[in-house]
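Everything on this sheet refers to the single structure shown next.
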Amino acid sequence: MHGPELSPSTIAVSVGRPPRTPGAPLNAPIAPATALVPGDGPDYTRQGNPAWEPFEAVLGALEGGRALAFASGMAATTAVLDLVPAGGIVVAPEHAYSGTLAQLHQRARRQLVDLRLVDITDTRGLLEAAEGAALVWLESPTNPMLDVADIEAITQETARRGTAVAVDNTFATPLRQKPLALGADFVVHSASKLIAGHSDALLGAVVTNSERGHRAVEARRTLMGGTPGALECWLATRGLRTLHVRLDRAEDNARELADRLKGLPGVTGVRYPGWGTIVSFQVEAGPDAAQRVTESSEVITYATSLGGVESTWERRRRHELEPRLVPEDLVRLSVGIEDVEDLWTDVQRALAAA
Ligand SMILES: *Cc1c(COP(=O)(O)O)cnc(C)c1O
């Protein structure tokens, strides 16, 4: 079954199913394997595995390109960064997912890339910094500051200069933002978050719409071995089947909580782009109080990661690697699909307790 004429929710439910032969299961099996029967395709799993295909088919159809599954979001990120020629200029957000920035800094220290960090909301400044760049790396919205880039305005200019653009689309998902349609060359996902959606699978993906890009990324996956597991692909495929429903519900909750947090005494700097499931805010009483707030909730789980059906929150700066531009008192709240009134009661209780 093919995607383009179908709406995203139908694609999410119906693409990547086995052929409808009598007696066959509706879902693709979980098929762990290393060696495959030799023929036209791969015969060793590091080169490819039918168990990855349903996940890649659904995600590719949703993003409007071809997806390649990876062992994690970081493995997917690494594969794209590896395409930058030695010493090439890379423009990236001044604050973004800590692991991505740590990896970029490490590459810069080893003179593998010439790294330029920018405010991604300033399109003109970004384009100036991107003069002669090999790659513009975007994350939009950013984790955890929730900055949003004007992807289309950026790619209109970079395309003329021959600069590649990659977008980490983890927070948006293809249901809220389709970077390839906006002119990007690579979409990167941590499928561990909203896509798998249940905090039980580590998985990543790269989606491209050029044959050259696809082949280059696939070659990196095969050589560096950042390949996914069969079970993780199966879990993420099941996650994709309900992504639209989970996202709508969590987003309604997030919008409501962001609105209410803006009026709550003791809370400042509420960040919410107006869509998506992540809300960040600062605790006026300082970092220690912010830490206590996150440890005082009963419904919301004090935990890292995000995008699960259950709401979680944490003070991001408790992590060593978190960029210093992220305020010490900032709490990142990943909103789940619980009852919004229960969540609000919990937020108020936790703030009062701290
Ligand atoms: C979690 C995350 C990553 C890293 O993904 P893993 O699956 O944990 O390797 C990359 N980008 C963003 C925006 C993330 O939130």
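All values below come from the heavy atoms of this structure, side chains included, with hydrogens, waters and symmetry mates left out. Whatever order the structure lists ligands and atoms in, that order sets their numbers, starting from 1.
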Distance under 4.0 Å to a non-hydrogen atom of N143: what atoms of ligand 1 satisfy this?
14 (C), 15 (O)

Can you check whether G73 has an N/O within less than 3.5 Å of an N/O in ligand 1?
yes

Would you mind running through ligand 1 and noting each atom that sits below 4.0 Å from a heavy atom of D168?
10 (C), 11 (N), 12 (C), 13 (C)

At what distance is the nearest protein heavy atom to atom 4 (C) of ligand 1, and which residue and atom is it?
Y97 CE2, 3.4 Å

Protein residue, atom and distance nearest to atom 14 (C) of ligand 1, heavy-atom basis:
K193 NZ, 3.0 Å

Would you say T100 and ligand 1 have an N/O pair spaced under 3.5 Å apart?
no

Tell me whether M74 has any N or O atom under 3.5 angstrom from an N or O of ligand 1.
yes

V167 and L175: same hydrophobic cluster, using ILVMFWY side-chain contacts below 4.5 Å?
no

Please indicate whether R260 has more than 12 foreign heavy atoms, meaning atoms of other residues, nucleotides or ligands, lying under 6.0 Å from its CZ.
yes

Side chain of T242, backbone of V245: donor and acceptor closer than 3.5 Å?
no

Between W137 and A92 (side chain of the first, backbone of the second, donor and acceptor by atom type, cut-off under 3.5 Å), is there such a pair?
no

Minimal non-hydrogen separation, T304 against T312, with atom names
O-OG1, 4.5 Å

Can a donor-acceptor pair be found between the side chains of E338 and N253 at a distance below 3.5 Å?
no

Within a 6.0 Å radius of atom CD on E211, are there more than 12 heavy atoms belonging to other residues, nucleotides or ligands?
yes

For ligand 1, find out whether one of its N or O atoms is nearer than 3.5 Å to an N or O atom of E139.
no

So for L202 against ligand 1, with non-hydrogen atoms under 4.0 Å, the contacting part is side chain

